[in-house]
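Structure in structure tokens, see below.
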Amino acid sequence: MTFLMPITSSPRAGATGAMPWRALLALAAAVFLSITIEMLPTGLLPEMSADLGVGAPLVGLLVSVFAFTVVVTSTPLTALLKRMPRRTLITIVLVVLGLSTAASALVPEYGQLVAFRIVGGVAHGLFWALVGAYPARLVGERHLGRAVSVVLGGGTLALIAGVPLATALGQAVGWRWAFGVIAALTLAGAVVVRAVLPADASTAPSREAAERGADATATASTATAILAGRRSMRGVVAVSVVTAVVMIGQYAALTYVAPLLTDVVGASSAAVAPLLFASGLAGAAGLLVAGSPIARDSVRALVGAMLLLAVALLVIAAEPGLWPAIIAYTVWGFAFGAIPPLLQTRLLQAAPPERRDAASALYTTAFNVGIGGGALVGAVLFDAVGVGAVPVAYAVLLVVAMLVMVRTSRAERARARVVEA
């Protein structure tokens with residue numbers, strides 16, 4: 001998360017066309033562990049509640065504590081640590097995340113667990129500010145969407161496999177063992193990240209210069225237009241606003257996904273877990289599409305994914321019958337799977353190269369505002385008008401997000417044309 005990084009001449013994917021798979025997969029593994037740690041209490045509520053002597057809602061609050069700690073700390077810490085080498089910093093935050101999780105496995109009472117979750121939340125927020133910007137240090141812009149999708153794929157895999165497997169482990173041998181095993185894996189992951197990430201990952205300006213030099217058709221006026229039109233912090237703010245709006249809707253729905261599936265979709269209670277798994281698989285497919293050439297135009301792909309998601313939500317709200325609603329729910333998973341990597345790609349495209357870490361921190365804050373705010377919005381809607389109103393409200397938020405994205409994109413293209421002229 002640096003604002004001012006020294007320019008190096010070491011080759012990267014932007015210049016050579018090769019994807020740095022070892023580095024990207026190491027970051028994806030770190031994302032997998034980070035998301036698993038964040039969501040771990042959700043699958044072990046009964047076990048943790050009984051062992052700690054507190055109600056299940058208080059255990060669930062551990063996830064909210066994690067999220068709101070990220071909101072408060074990620075941006076100021078990004079600025080404070082802007083001159084620290086990125087590989088060193090990402091290694092340190094993974095170590096802190098691993099140690100705080102290990103300590104969580106050992107504490108005797110709830111208050112101490114909250115304290116260590118706060119420490120973990122600080123590390124988690126800083127980690128996401130770092131990992132969100134890191135693909136732009138490893139690849140050129142033509143590979144950016146694919147690299148982001150690979151890294152964020154670790155988060156999708158965490159929800160599909162990491163949290164369920166950790167939950168099964170905790171139910172079998174105790175929640176403390178589950179925390180301990182994930183902590184040990186995170187510490188091992190820090191060692192791998194330290195060994196695999198390049199010590200002098202080049203900055204975006206040097207990579208983009210190499211790409212422009214390789215492209216005989218690129219002109220100085222076009223380059224200036226790109227920098228003036230696409231590298232505006234106004235674009236970063238717009239992406240962050242869209243992120244917060246979309247995540248408010250998503251987490252308002254996710255908070256009450258079980259009653260949504262049973263009361264609105266019409267599924268049985270026994271079908272909830274399989275449907276969640278199917279949605280996760282569909283989300284993984286959406287993630288693959290987001291990293292493919294189909295989604296090279298990030299703005300158009302984002303609007304398309306949001307539109308598809310809004311239609312799926314309205315179909316669910318219309319209660320068309322079990323199987324049409326299940327299909328719509330699966331489409332929801334597919335469309336949303338593409339949205340976070342597309343938002344991250346758009347963010348890195350919009351940010352001035354020397355401020356991509358700061359932009360990523362702002363994005364991380366917006367994402368976690370959405371997580372915390374979504375649960376609140378969902379609770380208000382559930383109590384006031386019932387769970388059936390949640391998909392409609394989410395669809396309305398998506399329309400707002402699409403309008404913001406389209407208007408911002410048009411304004412940036414207009415500024416680019418003015419500069420080019």
Side-chain angles (χ1 to χ4, degrees), residues 1 23-44 62-74 77-78 81 86-105 116-135 147-167 169 178-194 196-197 247 251 280 283 287 340-341 344 357 360-361 363-368 370-372:
M1 286 178 292
L24 293 175
L25 291 175
L27 291 174
V31 167
F32 172 89
L33 293 164
S34 177
I35 293 295
T36 300
I37 289 171
E38 180 181 22
M39 303 304 294
L40 193 52
T42 62
L44 296 169
L62 294 171
V63 177
S64 299
V65 166
F66 214 77
F68 283 115
T69 302
V70 173
V71 171
V72 173
T73 62
S74 62
L77 281 177
T78 300
L81 301 172
R86 303 299 91 186
R87 185 181 68 165
T88 299
L89 186 54
I90 202 169
T91 303
I92 290 172
V93 297
L94 284 172
V95 169
V96 172
L97 190 57
L99 291 176
S100 65
T101 305
S104 298
F116 283 116
R117 288 290 287 182
I118 291 173
V119 174
V122 172
H124 180 80
L126 191 50
F127 169 77
W128 273 95
L130 287 163
V131 81
Y134 220 98
V148 168
S149 294
V150 170
V151 172
L152 296 190
T156 300
L157 189 59
L159 296 177
I160 295 173
V163 175
L165 288 174
T167 298
L169 177 64
F179 272 71
V181 168
I182 297 299
L185 291 175
T186 304
L187 292 172
V191 175
V192 173
V193 164
R194 176 70 183 181
V196 168
L197 291 187
M247 296 309 152
Y251 281 88
L287 183 75
Q344 186 74 59
D357 289 334
S360 188
Y363 172 85
T364 300
T365 299
F367 204 105
N368 282 274
I371 293 174

Closest approach of Tyr363 to Pro340 (non-hydrogen atoms, all atoms of both residues):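 Minimum heavy-atom contact is OH-O, 3.5 Å.
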Notebook entry, point to check: Where the side chain of Arg87 meets the backbone of Arg194, is there a donor-acceptor pair that is under 3.5 Å apart?
Noted result: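 Side chain of Arg87 to backbone of Arg194, a donor-acceptor pair under 3.5 Å: yes, one is there.
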The side-chain contact (heavy atoms from CB on, under 4.5 Å) partners of Ser34 (sequence neighbours excluded) come to Leu97, His124, Phe127, Trp128
Practice task
Might you point out which heavy atoms bring Val193 and Ala26 nearest each other, and give the distance in Å?
Solution key: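 So the two residues come closest at CG2-O, 4.0 Å.
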Here the pair of heavy atoms bringing Ala190 nearest to Thr91 is O-CG2, 3.8 Å
Gap separating the CG atom of Leu130 from the CG atom of Leu81, nearest 0.5 angstrom: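 The distance works out to 8.5 Å.
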Evaluate the side-chain contact (heavy atoms from CB on, under 4.5 Å) criterion for residues Ile90 and Leu27: first the C-alpha distance (whole Å), next the side-chain angles of each, then the deciding distance (0.1 Å), finally the verdict. CA-CA 10 Å; Ile90 202 169; Leu27 291 174; 3.7 Å; yes
Distance col, row Leu169:CG vs Ile182:CD1, nearest 0.5 angstrom, shows 7.5 Å
dist Thr364:OG1 -> Leu77:CG (nearest 0.5 Å) comes out at 12.0 Å
TODO: Please report the closest heavy-atom contact between Gly121 and Val70, naming both atoms and the distance.
DONE: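 For Gly121 versus Val70, the nearest heavy atoms are O-CG2, 3.4 Å.
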Nearest heavy-atom approach of Val31 to Gly155 is CG1-N, 3.2 Å
Exercise. How many angstroms lie between CD1 in Ile118 and CZ in Phe66, if you round to the nearest 0.5 Å?
Worked result: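 Taking CD1 in Ile118 and CZ in Phe66, the distance rounds to 11.0 Å.
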Do Leu89 and Leu126 have side chains that approach each other closer than 4.5 Å (heavy atoms only, starting at C-beta)?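 Yes. Closest side-chain heavy atoms under 4.5 Å.
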Separation between CG (Leu94) and CG (Leu99), nearest 0.5 Å, reads 11.0 Å
Residues at least two apart in sequence or cross-chain that pass side chain to side chain donor-acceptor pair (under 3.5 Å) with Ser149, listed by chain then number, are none
Atom CG in Leu33, atom CG in Leu185: separation rounded to 0.5 Å?
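Reported value, rounded in 0.5 Å steps: 6.0 Å.
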Would you say that more than 12 heavy atoms from the other residues, nucleotides or ligands in this model lie under 6.0 Å from the CZ of Phe116, or not?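 Not more than 12 within 6.0 Å, no.
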Might you point out which heavy atoms bring Val119 and Ser100 nearest each other, and give the distance in Å?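 Scanning both residues, the minimum pair turns out to be CG1-CB, 4.1 Å.
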*asked:* Within the 3.5 Å criterion, strictly below it, is a donor on Ser74 or Thr365 matched to an acceptor on the partner's side chain?
replied: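 A pair is found: one side chain offers a donor N or O, the other an acceptor, under 3.5 Å apart.
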For this session: Start with the C-alpha distance between Ile37 and Phe179, add both sets of side-chain angles, then the distance that settles side-chain contact (heavy atoms from CB on, under 4.5 Å), and finish with yes or no.
Result: CA-CA 8 Å; Ile37 289 171; Phe179 272 71; over 6 Å; no
Just by distance, no angles: are the side chains of Thr69 and Arg117 close enough, under 3.5 Å, to form a donor-acceptor pair?
no
